[in-house]
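Side-chain atoms are counted along with the backbone in the values below, which use heavy atoms only and exclude waters and symmetry mates. Indexing begins at 1, ligand by ligand and atom by atom, following the structure's order. One is the number of the first residue; the rest follow in order along the sequence.
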Amino acid sequence: MKVTIVGCSGSYPGPDSPASCYLLETDGFRMLLDLGSGSLGALQRHVGIYDVDAICLSHLHADHCLDICGYHVARTYGPGAPYPLIPVYAPADAPRRLGAAYGMPDEPGLETAFEFRTLTPGAFEIGPFTLTAGLVNHPVEAYGFRVANGTTSVAYSGDTGETDELVKLAAGADLLLCEASFVEGPDLPTGLHLTGRQAAEHAAKADVGQLVLTHLVPWNDQATVLEEACGGGYSGPVELARSGVVYDLS
Ligand SMILES: [Zn+2]
Ligand SMILES: [Zn+2]
């Protein structure tokens, strides 16, 4: 499996990266985890804009889903359009919320380009992938994912505070893409995001092969985020996500 960090900026695009988007490829099948603000642009450095086979949205905060609107334009009106519908796995309210963001009437909404499928916790097949979705600890309905192709697996936290669900999803995964939005400090809110140290604690409990810290908020000093992660008791390799980096897990 090939995993490309398209966007790893937390909460809004930064100067060096769009917001959340990860491209997973196996056997010629291409799936996106999230399509956050700005990511549709950088995506085109890695794959043809019409060559995406499925999209999974972890939750409906703008930094994880909003480029669906621009992608609808490309697939509905671009040269050669309309393109075949592609599945978008997302929380139940996605068609209404994303249609409203675009300014679409309820009918047809964005469904000239996408076939929305409601995410619920559990495992199911998407092309050659098996995706397991689990509810994580965030103020809105939010999922973490585990994606496996039979030989390798990657886990993605989405946005979450501390949760055993992430440990379960990531158990034994080759790679954990884990959010590290906060730096340590007094009075951090709970049930929202993780620090680098907490990300590493989850990676240690799940015994993953490699930890990549992501959802890096531009106002943080990322060296501090990494340093805090190194104090989280995880003994495997840890690094900061960077837009454009590819992990070949095969
Ligand atoms: Zn976010
Ligand atoms: Zn969020």
Q: Identify every side-chain donor-acceptor pair in residues 46-55 under 3.5 Å, counting partners at least two apart or on other chains, and give the distances.
A:
{"residue": "Y50", "atom": "OH", "partner": "A74", "partner atom": "O", "Å": "3.1"}
{"residue": "D53", "atom": "OD2", "partner": "R30", "partner atom": "N", "Å": "2.9"}

Q: Could you tabulate the donor-acceptor pairs under 3.5 Å formed by side-chain atoms of residues 84-100, not counting sequence neighbours?
A:
{"residue": "Y89", "atom": "OH", "partner": "R117", "partner atom": "NH1", "Å": "2.8"}
{"residue": "D93", "atom": "OD1", "partner": "R96", "partner atom": "NE", "Å": "3.0"}
{"residue": "D93", "atom": "OD2", "partner": "R96", "partner atom": "NH2", "Å": "2.8"}
{"residue": "R97", "atom": "NH2", "partner": "L60", "partner atom": "O", "Å": "3.0"}

Q: Any carboxylate oxygen within less than 4.0 angstrom of a Lys/Arg side-chain nitrogen, looking at K205 and E201?
A: no
Q: Can you label the angle between the H138 ring and the H61 ring as parallel, tilted or perpendicular, going by 30° and 60°?
A: perpendicular
Q: Can you count the protein N/O/S atoms lying under 2.8 Å from the Zn ion (ligand 1), leaving waters out?
A: 4
Q: Would you list the atom pairs, donor with acceptor, under 3.5 Å between side chains in residues 235-243 and any protein atom, with sequence neighbours excluded?
A:
{"residue": "E239", "atom": "OE2", "partner": "Y247", "partner atom": "OH", "Å": "2.5"}
{"residue": "S243", "atom": "OG", "partner": "V6", "partner atom": "O", "Å": "2.7"}

Q: Go through the side-chain N and O atoms of D34 and S58 and say whether any donor and acceptor fall under 3.5 Å apart.
A: yes
